[in-house]
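This structure is a prediction, so every number in the text was calculated from the model and none was measured. Proteins come first, then strands; the chains are lettered A, B, ... in the order of their sequence lines, and each starts at number 1. What you see below is based on every heavy atom in this structure, not just the backbone, and it leaves out hydrogens, waters and symmetry mates.
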Amino acid sequence: MARGAQTFQQRLTNWACQPSLYQPPTAASMARISLIDTVACMHSGAGERQSVVMSQALEASGDEGRVQPIGGGRARSLYGAAMLNGTRSHAIDFDDYEIPGSTHVSAPIFSALLALAQLHDVSIRQISDAWVVGFETIVRIGTALGYGHYDKGWHATATLGPIGVAAACSRLLGLEPAQMAHAMTLATSSSAGMKSQFGFDAKALHVGMAAEAGLRAGMLAHVGATGNIDIWDAPQGLMEMYGTPSSMGFDAMAETMREGEATQAFPVARKFWPSCSYTHRVIPCAVALAGKIDDVAAIKRIRLRMPEPFHRVSGFGAPTTSNQARFSAVYCAVVGLLNGQVLPEDFTIQKFSDPVRQHLCGLVELDLYDLPAVPPDQLLAMTPERVSVELAGGHGWNTKSGTYRAAQNVP
Amino acid sequence: MTADDVLDKLAACGGSREGGGAFLAASDLTALSACTLLSAS
């Protein structure tokens with residue numbers, strides 16, 4: 001065990017509860033930009049059906065209060081507003097994410113913080129510090145569990161998200177390290193949600209539920225509720241229950257953990273397109289080919305080569321719903337080829353039900369391959385996508401390959 | 001993604017680009033005043 005027998009949890013909470021939070025100089029700016037990005041997503045998602053059904057469910061349950069959800073509408077209870085903020089923030093899958101844990105990180109955290117902030121007079125600096133704590137918590141847990149946790153089928157935003165939200169809310173509430181530890185372990189009791197829900201309303205609802213669950217855990221710890229804080233590497237703990245044989249675990253992860261520096265080591269990635277992040281490598285390939293196609297009627301075949309586990313996440317074909325369109329690498333490739341760009345309106349029923357688009361989706365052949373056995377930090381760079389198009393009367397395939405670049409680095 | 005890109009995204013999503021710029025430049029604000037700045041159109 002690292003650093004004088006201190007556990008991962010002790011080190012994390014001791015750092016996270018410092019009066020003056022140690023963080024890289026860029027972290028506060030990153031938090032502000034992520035706040036803008038998340039609020040934008042809340043606004044754009046407010047009218048989507050997932051947000052509407054969440055509002056209706058809150059209304060039907062008699063939820064009311066004095067916390068205003070971001071994006072408008074009736075004031076809600078603290079937990080109701082957090083759930084609605086979270087659902088809105090993820091309704092069109094446009095919000096940011098982090099790599100080690102494969103989670104949408106800012107949406108659940110800010111959804112809870114912006115609700116809690118209405119009951120406490122807090123500054124943006126306090127909100128920013130709380131986001132840094134939540135981000136760090138999720139990245140470190142994600143590193144300990146590894147990609148296998150997500151690949152196995154967990155929607156990591158719904159499993160790791162509540163724990164990060166609990167830590168962030170604990171910071172905002174000014175809890176002591178021991179209280180924050182209890183908030184985090186209480187939040188693990190709400191770590192649930194599977195990737196099999198992708199393409200359905202449930203995915204965005206997961207984010208609302210993660211925000212609410214983490215916030216509730218923080219509030220419970222604030223008034224003295226406790227849980228088993230020996231929850232990480234212990235028998236029947238998070239590692240054993242949610243990890244895989246390839247997970248490094250928390251003690252091993254802590255050997256190289258530098259508290260406070262996750263935002264620098266693993267910068268947040270922001271989205272240019274409102275679709276699954278695994279479509280974001282396909283889209284630039286397709287867009288690059290668009291200029292070479294004078295007549296879409298001449299397209300004979302489209303071939304899409306990508307890693308099988310990534311396609312499993314974005315595996316819908318010709319979409320029949322907006323949610324499916326966002327999780328269809330096939331559809332996103334077709335739109336990129338057709339228009340040379342992908343826009344938010346491309347995920348409306350008027351666009352995805354267009355007969356030309358549906359026909360082209362049917363021309364896509366998949367060429368899926370296994371992930372290479374490389375260290376996790378090299379995985380995304382070693383897994384290229386390729387879009388190829390064969391035109392009638394043409395001279396073979398036009399091909400464009402691309403590898404992963406985090407959205408923050410795309411010019 | 002640059003700060004400018006994020007402000008463009010805010011405007012495209014129905015928020016206030018000018019408010020976003022003011023938010024980035026402000027030394028400090030309350031959370032609620034920040035949300036008001038970002039939301040006003």
Sub-4.5 Å side-chain heavy-atom contact between B:C35 and A:L114: yes

Nearest atoms (heavy-atom pairs only) where B:C13 meets A:A40: CB-O, 3.2 Å

Side-chain touch A:V122/B:T30, heavy atoms, less than 4.5 angstrom: no

Shortest non-hydrogen contact between B:A31 and A:I124, atoms and distance: CA-CD1, 3.8 Å

Residues, nucleotides or ligands: over 12 heavy atoms within 6.0 Å of A:I349 CD1: no

Which portion of B:L29 sits near chain A, non-hydrogen atoms under 4.5 angstrom: both

Heavy-atom pair count under 4.5 Å with chain B, highest-scoring of A:D121, A:L35, A:I127, A:I70: A:L35

Close side-chain approach of A:I33 to B:L24, heavy-atom, < 4.5 Å: yes

Side chain / backbone / both / neither for B:S33 at chain A, heavy atoms under 4.5 Å: neither

Pairwise side-chain contact, A:D37 with B:L10, heavy-atom cut-off 4.5 Å (strictly under): no

Nearest heavy-atom neighbours spanning B:F23 and A:R32: O-NH1, 2.6 Å

Donor-acceptor contact present, side-chain B:K9 to main-chain A:R270, <3.5 Å: no

